[in-house]
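First the structure, in the form of structure tokens, and then the observations on it.
Below, each value reflects all heavy atoms present in this structure, side chains not excepted, and no hydrogens, waters or symmetry copies. Read the numbers this way: they start at 1 and go in the same order the structure lists the ligands and their atoms.
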Amino acid sequence: MRLLKARRSIRRLRPDPVPRELLIEALDAARWAPSAHNAQPWRFVVVTDKRVKEELAKSMAEAWRRDLLADGVPEGKVRELTGASIERFTKAPVLVLACLSMEGMHEYPDERRRRAERIMAVQSVAAALQNLLLAAHALGLGACWYCAPLFCPDVVRRVLGLPEDLEPQALVALGFPAEEPEPPPRKPLSEVVRWERWRAGA
Ligand SMILES: Cc1cc2nc3c(=O)[nH]c(=O)nc-3n(C[C@H](O)[C@H](O)[C@H](O)COP(=O)(O)O)c2cc1C
């Protein structure tokens, strides 16, 4: 309980490299997550090469820049946001891209069940990601889950040479922590849990 409550999203990382054994241990924990049909629909790409990190960071920032400008965000603000993003991803010692693969998931003729099946795969990848974050924390590493690849999957696919059937889901930046953030507030249990029925008398 202590371990899982003390995990934080660590956005500032020390530049020191992460020993490969630690990385492998954290990735190994990810693969022990529960998954629908035990299909283990997660795939990971580990990026440590500075040039690859930089190319990925710049390409994702360019896609984000286009979105922000289309939203009417002023040029200066766009430069500030995308610059910070490039720096964050390039300076992280390790980036782990988590992808979804529908291999081993069930196929259905109808959209309703296809959609449910896809959600199950997404949920499974999320479970693996949580294992990865908790394992990183247990091993003394800092990590943060970033959603950026979801918004520009084709850019990520091109830069990292992913096959068409791998869907980028999230990027986890890993390294030794350079900050100890305060825990962000949690909604009280009473707001998120109801017993027996959501609405009494339903
Ligand atoms: C699906 C998902 C997407 C997230 N995307 C981002 C992100 O793009 N940038 C970021 O700084 N943090 C991101 N986070 C981290 C959350 O902001 C963080 O988990 C939340 O604020 C609670 O803080 P904690 O992890 O320290 O408990 C993401 C977390 C999840 C689960």
Side-chain angles (χ1 to χ4, degrees), residues 1-14 26-27 29-30 33-36 41-45 47 53-54 56-68 70-71 73 77-101 118-157 159-160 166-189 191-193:
M1 292 305 282
R2 260 204 313 277
L3 177 91
L4 70 90
K5 287 190 181 178
R7 180 210 55 79
R8 290 279 68 78
S9 292
I10 304 298
R11 299 180 176 86
R12 290 204 296 123
L13 300 166
R14 283 176 18 207
L27 290 161
S35 64
W42 43 69
R43 304 289 184 271
F44 300 100
V45 182
V47 185
K53 283 188 288 184
E54 203 166 71
L56 180 63
K58 286 184 173 165
S59 308
M60 289 194 306
E62 180 51 31
W64 193 23
R65 194 179 83 87
R66 283 193 296 271
D67 281 346
L68 289 169
D71 290 343
V73 177
K77 186 71 190 168
V78 171
R79 218 173 303 119
E80 183 193 320
L81 289 170
T82 53
S85 169
I86 292 170
E87 178 159 333
R88 177 167 285 168
F89 290 136
T90 305
K91 285 196 169 162
V94 184
L95 295 176
V96 174
L97 175 76
C99 299
L100 177 157
S101 159
R118 229 195 81 78
I119 292 174
M120 275 195 271
V122 171
Q123 291 171 340
S124 305
V125 175
L129 278 163
Q130 172 69 338
N131 267 20
L132 177 64
L133 295 186
L134 286 173
H137 176 53
L139 295 166
L141 296 171
C144 187
W145 174 328
Y146 292 97
C147 60
L150 268 185
F151 292 91
C152 52
D154 294 338
V155 165
V156 175
R157 254 197 206 103
V159 175
L160 298 184
L166 290 197
E167 296 178 40
Q169 293 286 305
L171 201 55
V172 176
L174 281 158
F176 290 101
E179 61 171 355
E180 267 190 58
E182 286 300 310
R186 260 35 184 190
K187 292 174 180 168
L189 212 53
E191 194 180 325
V192 297
V193 179

Practice problem: Tell me which part of Cys144 gets within contact of ligand 1: side chain, backbone, both or neither, using heavy atoms under 4.0 Å. | Solution: side chain
Practice problem: Report the nearest protein non-hydrogen atom to atom 23 (O) of ligand 1: residue, atom name, distance rounded to 0.1 Å. | Solution: Pro184 CG, 3.3 Å
Quiz prompt | side chain to side chain contact (heavy atoms under 4.5 Å, CB included) partner of Ile10, chosen from Arg8, Arg12, Arg14, Arg7 | solution = Arg8
Quiz item: Once you round to the nearest 0.5 Å, how far does CG of Leu13 lie from NZ of Lys91?
Solution: 11.5 Å
Exercise. Check if Arg186 has a non-hydrogen atom at a distance under 4.0 Å from any atom of ligand 1.
Key: yes
Quiz item: Going from NZ on Lys53 to CD1 on Ile86, what distance comes out if it is rounded to the nearest 0.5 angstrom?
Solution: 14.5 Å
Practice problem: Give the atoms of ligand 1, by number and element, whose distance to some non-hydrogen atom of Arg8 is under 4.0 Å. | Solution: 24 (P), 26 (O), 27 (O)
Exercise. Identify the two heavy atoms, one from Leu27 and one from Val96, that lie closest to each other, and give their separation to 0.1 Å.
Key: CD2-CG1, 4.1 Å
Quiz item: So which heavy atom on Ser9 is nearest to which on Pro181, and how close?
Solution: O-CG, 3.8 Å
Practice problem: Give a yes/no verdict on whether any heavy atom in Ala148 is under 4.0 Å from an atom of ligand 1. | Solution: no
Self-check item: Closest to atom 26 (O) of ligand 1 (judged by heavy-atom distance), picking from Pro183, Ala6, Ser9
Solution: Ser9
Practice problem: Return the option from Ala173, Cys147, Pro181, Ala143 holding the heavy atom at the smallest distance from atom 8 (O) of ligand 1. | Solution: Cys147
Exercise. Note the single closest protein heavy atom to atom 4 (C) of ligand 1, along with its residue, its atom name and the distance in Å.
Key: Trp145 O, 3.4 Å
Exercise. Please write down residue, atom name and distance for the protein heavy atom closest to atom 16 (C) of ligand 1.
Key: Arg11 NH2, 3.7 Å
Quiz item: Is the shortest side-chain N to carboxylate O distance from Glu62 to Arg66 below 4.0 Å?
Solution: yes
Quiz item: Which protein non-hydrogen atom lies closest to atom 9 (N) of ligand 1, naming both residue and atom, and how far is it?
Solution: Tyr146 CD2, 3.3 Å
Exercise. Find out whether Gln169 and Trp145 are in side-chain contact, i.e. whether some heavy atom of one side chain is under 4.5 Å from a heavy atom of the other.
Key: no
